[in-house]
**Q** 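Encoded as structure tokens, here's the structure I'll be asking about.
Predicted, not measured: the structure shown is a model, and the values here were computed from it.
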Amino acid sequence: MSARVILRVIAGIVVLALILALIGVFFVRRSFPTTDGEISLPGLDGPVTVHRDESGVPTIEAETAHDLFLAQGFTHAQDRFWEMDFRRHVTSGRLSELFGKSQLETDTFIRTLGWRKVAEQEVKKLDKQSLAYYQAYADGVNAYLKDKSPTEVSLEYGVLGLQNGGTEIEKWTPVDSVAWLKAMAWDLRSNLEDEIDRAVLTSKLDDDQVKDLFPDYPYATRPTIMGGIAGQKAAKSGQDKVRAPVPGGTPTSGGSPAPSDSAANSTEGEANAGGSVTDAPSPADAGPTTDDSSPDDDSAQIDDLLDLRERVASLPQLLGMSSDDIGSNSWVISGEHTKTGAPLLANDPHLSPSMPSVWYQVGLRCKEVTEACPFDTTGFSFSGLPGVVIGHNQSIAWGLTNLGADVTDLVVEKLRDGTVVHDDGDEPVRTRKETVKVAGGQSREITIRSTRNGPLVSTLDGSYRRALDASTGADSTDTKSGPAKEHYGLALDWTALRPGTTASAIFAINKATNWSEFRQAAKKFDVPSQNLIYADVAGNIGYQAPGMIPRRGDADGTLPRRGWKSAEDWQGWIDFDDLPSLYNPKRGWIVTANNPVTAPGEADELTKDYDYGDRARRITKRIKDAVAENRKLTAADMSVIQDDDLNPFAAKLVPTAVKIHSHGDEDILRAKKLLKGWNGHDAASSAGAAYFNVLTKNLLDQTITQKLPKGVAPAGGSRWYLVLSNQLDDPDSSWWKSEGVDSQDEALRKAMKDAWTETEDLLGPEPVTWRWGILHRLTIRNASLGESGITPVEKLFNRGPYEVSGGSGVVHATGWDASVGYETNWVPSMRQIVDLSNFDRSNWINLTGASGHAYHPHYDDQTNDWAANVNRPWPYSPQAVAAAAEETLTLEP
């Protein structure tokens with residue numbers, strides 16, 4: 001979906017009326033909530049206190065757990081209900097109800113995946129206590145909404161009202177909360193795009209070229225989470241299972257199939273959450289049909305795959321653009337290496353920026369911690385979801401980064417006469433119909449189709465029926481009925497489409513008080529798979545990899561697997577006790593940055609597509625350097641590491657570039673001089689960083705991008721830094737050659753010249769005026785209305801641009817897409833540093849602010865500090881919270 005189309009239907013006259021209406025002070029401020037004094041809140045058992053500090057961050061104190069979560073729902077709704085409601089419409093495939101027929105394709109895709117269906121099943125399976133917490137939260141949301149008009153709830157409803165005449169706000173339910181977990185799982189879905197890219201590339205490149213673009217992780221020089229630098233282990237990851245044949249390549253084999261176990265695909269409810277997939281996004285597309293084209297028509301297959309890739313990429317524009325830069329840093333250091341003698345824990349999740357931030361800071365405190373009311377927790381929550389996702393309580397602290405386990409597979413299904421062909425018995429295609437309501441238009445009925453492997457995404461928008469005929473060895477004549485009655489589709493097998501237990505894991509983590517309880521809570525954290533780091537007040541540190549992670553059969557997950565070959569199906573799940581875990585390692589620290597957990601052969605393989613370890617290596621080095629110097633670390637040191645903007649590719653490219661013979665070219669001479677004086681850091685104020693990053697993009701464009709199929713382009717970051725580094729070590733590589741360029745030296749000269757010209761075009765003729773931050777600006781856009789194409793509307797809800805330091809593959813991970821430009825697209829969405837010696841010495845910062853109301857004082861009041869890497873105090877103890885309180889709201893029964 002392009003969010004820009006959402007409001008294109010608003011004509012110029014409507015725009016003028018909108019602006020005149022919305023600039024009125026009354027209209028803007030009427031949705032601001034009451035945050036001081038007293039309010040009656042029906043449903044409470046007793047009074048609840050909500051203290052807010054100078055940042056508007058609430059700490060909620062209640063006598064019972066029921067009241068605590070009821071008040072959290074009320075408080076979230078006060079500050080963020082539009083965000084919650086928009087997310088509800090996203091996750092249920094109901095955007096057309098808000099924005100009209102332009103969102104039909106998006107709604108069809110969401111309903112095809114069936115997030116709402118899965119959430120409904122998960123709520124039914126919740127334990128009694130967790131369900132009570134979710135219901136109390138929903139009751140609090142609904143209590144806030146009662147008797148309020150939409151414009152009293154949020155300004156965005158006023159904008160929509162001018163378009164479609166108004167929107168009715170529905171009551172909140174526990175399903176609405178749980179469904180958002182599916183959206184977050186999608187955002188962290190691991191290697192689906194890599195799987196598609198490999199399939200496309202294998203049809204055009206030979207095996208060695210594909211391996212160049214997907215290099216093995218350099219285990220000899222970069223760390224794993226469990227073992228530091230794994231140089232003693234073989235650095236060969238290889239292909240140890242049978243891979244599907246690909247055009248221009250041959251199968252590779254080794255090892256043996258995993259034992260058959262139908263548990264992974266046993267029932268419709270377990271495998272597909274009731275099924276979900278559509279063959280009718282519009283009346284013109286009634287589903288797959290036969291085709292006379294040859295299965296060897298590679299261009300048709302590539303077009304089908306790229307169409308699917310675009311469809312997959314369309315949804316994250318609502319939730320945040322997907323990329324290898326979606327990741328996170330987290331580390332924990334034991335007291336033997338800290339100044340206080342107690343652990344320090346740091347975390348900064350990397351996500352797409354949004355206004356408001358995806359995170360909401362909150363404290364949840366039972367007045368007396370008991371078995372009945374066990375919460376004394378503070379940290380970062382999601383609006384719409386009860387509890388705290390990342391933070392600490394009175395005994396432990398925890399952080400999350402994306403594990404990156406391969407939990408999504410495309411499955412090529414062989415379809416014949418309404419059935420799905422399997423070697424263990426054909427099955428009918430599962431079908432259901434749903435109705436999509438459309439604002440300002442007629443409702444549309446869609447047909448959703450699925451197989452035991454998941455929703456059939458292959459006929460969503462256009463024909464994917466020929467996709468991967470050759471790239472998976474599909475043979476259109478290999479049928480009893482002949483080619484005229486057989487075709488192929490693509491199903492999506494994804495762990496998040498099975499009902500899980502993450503919804504209750506959050507409460508279990510929030511109340512855990514020791515390592516054993518934390519691990520038991522982590523066992524429930526099944527989707528999305530995360531790296532969990534841990535510290536406690538007793539001085540212990542730990543790491544746990546949780547998640548529903550498939551045991552693989554003959555297919556290794558790097559390419560789509562064949563649905564008619566049961567040996568390629570998932571063969572059950574890796575047992576929790578077999579997942580990597582680490583407790584009080586002798587070295588005294590644990591670092592996770594989306595790098596591999598273990599070296600090959602040390603544990604079950606979780607994926608072949610980890611981050612390539614630049615951030616993990618840099619964080620580890622800084623910690624090891626401090627330990628080697630016997631320098632005890634502080635919370636301030638943690639903040640300095642989070643702000644580290646050393647570009648990992650600079651040490652490789654700069655020495656090579658400055659040795660290039662200029663042949664008297666003045667631009668290359670000036671470029672060499674600038675690079676020689678640059679310290680390698682991507683500081684916002686740096687001219688060298690500006691030129692270097694433009695050079696990197698030009699080098700990628702020249703050596704790699706122009707030789708790839710259209711639609712598959714390097715986005716930059718650690719993987720592509722490694723690809724280019726490997727090529728710099730191979731002057732004779734064919735990648736250096738292009739039209740008019742016959743050698744590595746010529747390629748580098750051309751890239752340096754072109755980059756100098758581009759930087760002058762972008763920043764002016766004098767390097768003294770160049771700044772990386774000018775190219776690398778961050779604009780934080782409202783997820784729903786921020787790309788309307790109507791400047792006054794965008795100015796109402798968006799903020800920025802801000803100049804920021806950092807970059808892709810950098811610890812300060814402000815990622816940018818090298819296939820597009822230099823704008824910041826991914827950011828540390830928050831930062832936290834927890835001091836286990838005294839929680840009141842901890843600090844944190846959010847990307848935007850506590851409020852989701854445009855022009856509220858707390859809408860974007862944390863952003864300037866965030867951009868400057870200045871964290872704010874994090875009061876926790878009752879005394880600290882009371883001292884920091886600038887507003888106090890008492891909620892009375």
**Q** Between Gln832 and Leu345, is a side chain to side chain contact (heavy atoms under 4.5 Å, CB included) present by the stated rule, with each step listed?
**A** CA-CA 8 Å; Gln832 72 166 16; Leu345 184 148; 3.5 Å; yes
**Q** Could you check whether any side-chain N or O of Asp67 sits under 3.5 Å from a backbone N or O of Glu63, counting only pairs where one atom can act as donor and the other as acceptor?
**A** no
**Q** Side chains of Thr890 and Thr49: donor-acceptor distance under 3.5 Å anywhere?
**A**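 No.
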**Q** Give the ring-plane orientation class for His858 versus His856, where under 30° counts as parallel, over 60° as perpendicular and anything between as tilted.
**A** tilted
**Q** Using a distance-only test with no angle check, is there a side-chain donor-acceptor pair under 3.5 angstrom linking Ser31 and Trp82?
**A**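 There is no such pair (donor and acceptor under 3.5 Å, judged by atom type) between the side chains of Ser31 and Trp82.
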**Q** For the pair Asp835 (side chain) and Leu344 (backbone), establish whether a donor and an acceptor sit closer than 3.5 Å, ignoring hydrogens and angles.
**A** no
**Q** Please lay out, stage by stage, how Tyr859 and His853 fare under the test ring pair (Phe, Tyr, Trp, His ring centres under 6.0 Å).
**A** CA-CA 6 Å; Tyr859 186 59; His853 299 285; 8.6 Å; no
**Q** Restricting to ring pair (Phe, Tyr, Trp, His ring centres under 6.0 Å), what partner residues turn up for Trp866, sequence neighbours left out?
**A**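 Testing Trp866 for ring pair (Phe, Tyr, Trp, His ring centres under 6.0 Å), a comparison that skips the adjacent residues, returns none.
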**Q** Do Trp359 and Ser829 get their side chains close enough for a donor-acceptor pair, meaning under 3.5 Å?
**A** yes
**Q** Does any donor atom in the side chain of Asn594 or Arg615 lie under 3.5 Å from an acceptor atom in the other side chain?
**A** yes
**Q** Less than 4.0 Å between a side-chain N and a carboxylate O, is that true for Lys125 and Glu122?
**A**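 The answer is no: the pair does not qualify as a salt bridge.
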**Q** Quick one: side-chain hydrogen bond (donor to acceptor under 3.5 Å, both in side chains) partners of Glu892, sequence neighbours excluded?
**A**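 For Glu892, no residue satisfies side-chain hydrogen bond (donor to acceptor under 3.5 Å, both in side chains) once neighbours in sequence are set aside.
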**Q** Measure the acute angle between the ring planes of Trp186 and Trp494, then classify it against the limits of 30° and 60° as parallel, tilted or perpendicular.
**A**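 Perpendicular: the ring planes of Trp186 and Trp494 meet at over 60°.
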**Q** Could you tell me how the ring of Trp844 sits relative to the ring of Trp874: parallel (under 30°), tilted (30 to 60°) or perpendicular (over 60°)?
**A** parallel
**Q** Using only heavy-atom distances, determine whether the side chains of Ser55 and Arg872 contain a donor-acceptor pair under 3.5 Å.
**A** yes
**Q** Walk me through it: do Trp398 and Phe518 pass the test ring pair (Phe, Tyr, Trp, His ring centres under 6.0 Å)?
**A** CA-CA 9 Å; Trp398 66 95; Phe518 181 77; 7.0 Å; no
**Q** Keeping the roles fixed (side chain from Ser328, backbone from His350), state whether a donor-acceptor pair exists under 3.5 Å.
**A**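 Confirmed, Ser328 side chain pairs with His350 backbone.
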**Q** Are Arg365 and Tyr876 in a cation-pi setup, meaning NZ or CZ lies under 6.0 angstrom from the ring centre and within 45 degrees of the ring axis?
**A**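 Yes, Arg365 sits over the ring of Tyr876.
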**Q** Could you tell me the separation between the CG atom of Leu145 and the CD atom of Glu170, rounded to the nearest 0.5 Å?
**A**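 CD of Glu170 is found 11.0 Å from CG of Leu145.
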**Q** Is a side-chain donor or acceptor of Gln862 paired with a backbone partner of Asn846 at a separation under 3.5 angstrom?
**A** yes
**Q** Using ring centroids (six-membered ring only for Trp), state whether Phe507 and Tyr133 fall under 6.0 Å.
**A** yes
**Q** With distance as the sole test, does Tyr134 use its side chain to make a donor-acceptor pair with the main-chain N or O of Gln129 at under 3.5 Å?
**A**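 No: the side chain of Tyr134 does not pair with the backbone of Gln129.
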**Q** What's the verdict on ring pair (Phe, Tyr, Trp, His ring centres under 6.0 Å) for His76 and Tyr137, showing C-alpha distance, side-chain angles and the deciding distance?
**A** CA-CA 9 Å; His76 275 171; Tyr137 179 91; 5.6 Å; yes
**Q** Side chains of Gln642 and Asn329: donor-acceptor distance under 3.5 Å anywhere?
**A** no
**Q** With a 6.0 Å cut-off (strictly less than), is the heavy-atom count around NZ of Lys148, excluding the residue itself, greater than 12?
**A** yes
